[in-house]
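No hydrogens, no waters, no symmetry mates; every other heavy atom, side chains included, goes into these values. To find a chain, count down the sequence lines: A is the first, B the second, and so on, and within it residues start at 1.
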Amino acid sequence: MNYWLMKSEPAVFSFQDLMKMSPKGEIWDGVRNYQARNFMREMKTGDRVLFYHSNTSPPGIAGIAEVIGEVQPDPTQFDPSSKYYDPKSSRDEPRWIAVRVRAAQELSRTVSLHELKTITELESMPLVRKGNRLSVMPVSAKHAQIIMDLAATVA
DNA sequence: GCCAACGTTGGC
DNA sequence: GCCAACGTTGGC
């Protein structure tokens, strides 16, 4: 079982929104970055996802989600009415993929980016590095555990 | 709203 | 293949 981090703007889709979708979860589509896509390809059922709220105040880890089902072609790439439509993609050779996730664990509090930046052991996390814009990234089991332990403590 | 960082596009 | 121009992300 591997850990990942995925970013979402809570004004668009929040962890609370995902919880409302239980137990079916929601398809995570619209990823249009090759590096992020390549990470998604490695996702397996049961993998855990740190659900990160971006573009909000404060940004931070809002909950834990879980990958369910296999990685699949992102249906929005074939839909001309979707803002994620990609005319260069084809059903024979889909360019983009999506994955279904569901809420797995509610955290007792959000762990803010600011707080993560104060933890020495998390210095090597891409997330806390300046200028990082990747929306999907792997997280080591050790880092994931540190973050979940943090969430269980009082801020 | 600002802007740094980064990815993509396309002319050459 | 280079790189300027442009668009997007996302913290602040």
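- Comparing atom distances between the A:Ser54 side chain and each of C:dG11, B:dT8, C:dT9 picks out C:dG11 as nearest.
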### Query
Yes or no on side chain to side chain contact (heavy atoms under 4.5 Å, CB included) for A:Leu107 and A:Ile61, after CA distance, side-chain angles and deciding distance?
CA-CA 9 Å; A:Leu107 298 177; A:Ile61 312 284; 4.0 Å; yes
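- Distance from the side chain of A:Tyr52 is smallest to C:dG11 among C:dG11, B:dA5, B:dT8.
- Rounded to an integer number of Å, the gap from CG of A:Asn33 to C1' of B:dG7 is 7 Å.
- The side chain of A:Arg133 lies closest to B:dA5, out of B:dT8, C:dG11, B:dA5.
- Within the 4.0 Å cut-off from OP1 or OP2 of C:dT9, not a single side-chain nitrogen or oxygen of A:Lys7 is found.
- Heavy-atom nearest nucleotides on DNA chain B were determined for A:Asn55 and for A:Gly131, and the one closer to the 5' end corresponds to A:Asn55.
- Nucleotide C:dG10 holds its P atom 13 Å from the NE2 atom of A:His53, rounded to whole Å.
- One atom, CG of A:Asn132, and another, C1' of C:dT9, lie 10 Å apart when rounded to the nearest Å.
- Protein atom NZ of A:Lys130 is 7 Å distant from nucleotide atom C1' of B:dA4, rounded to whole Å.
- Distance, A:Lys117 NZ to C:dG11 C1': 7 Å, rounded to whole Å.
- The CZ-P distance, from A:Arg95 to B:dT8, rounds to 10 Å in whole Å.
- The side chain of A:Lys88 sits closest to B:dT9 out of B:dT9, C:dG11, B:dA5.
- Summarising the geometry, the separation between CZ on A:Arg129 and C1' on B:dC6 is reported as 15 Å, rounded to the nearest angstrom.
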### Message
Run A:Phe51 and A:Trp28 through ring pair (Phe, Tyr, Trp, His ring centres under 6.0 Å) and show every step you take.
### Response
CA-CA 12 Å; A:Phe51 196 113; A:Trp28 199 300; 5.4 Å; yes
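- Regarding A:Glu9, its CD atom lies at a distance of 7 Å from the P atom of C:dG10, rounded to whole Å.
- A:Asp79 and A:Thr76 share no donor-acceptor pair across their side chains, judged by distance under 3.5 Å alone.
- Heavy atoms from other residues, nucleotides or ligands lying under 6.0 Å from CD of A:Glu93 number 12 at most.
- Listed nucleotides B:dT8, C:dT8, C:dC12 differ in distance to A:Leu113; the shortest reach to its side chain belongs to C:dC12.
- A centroid separation of less than 6.0 Å is found between the aromatic rings of A:Tyr34 and A:Trp96.
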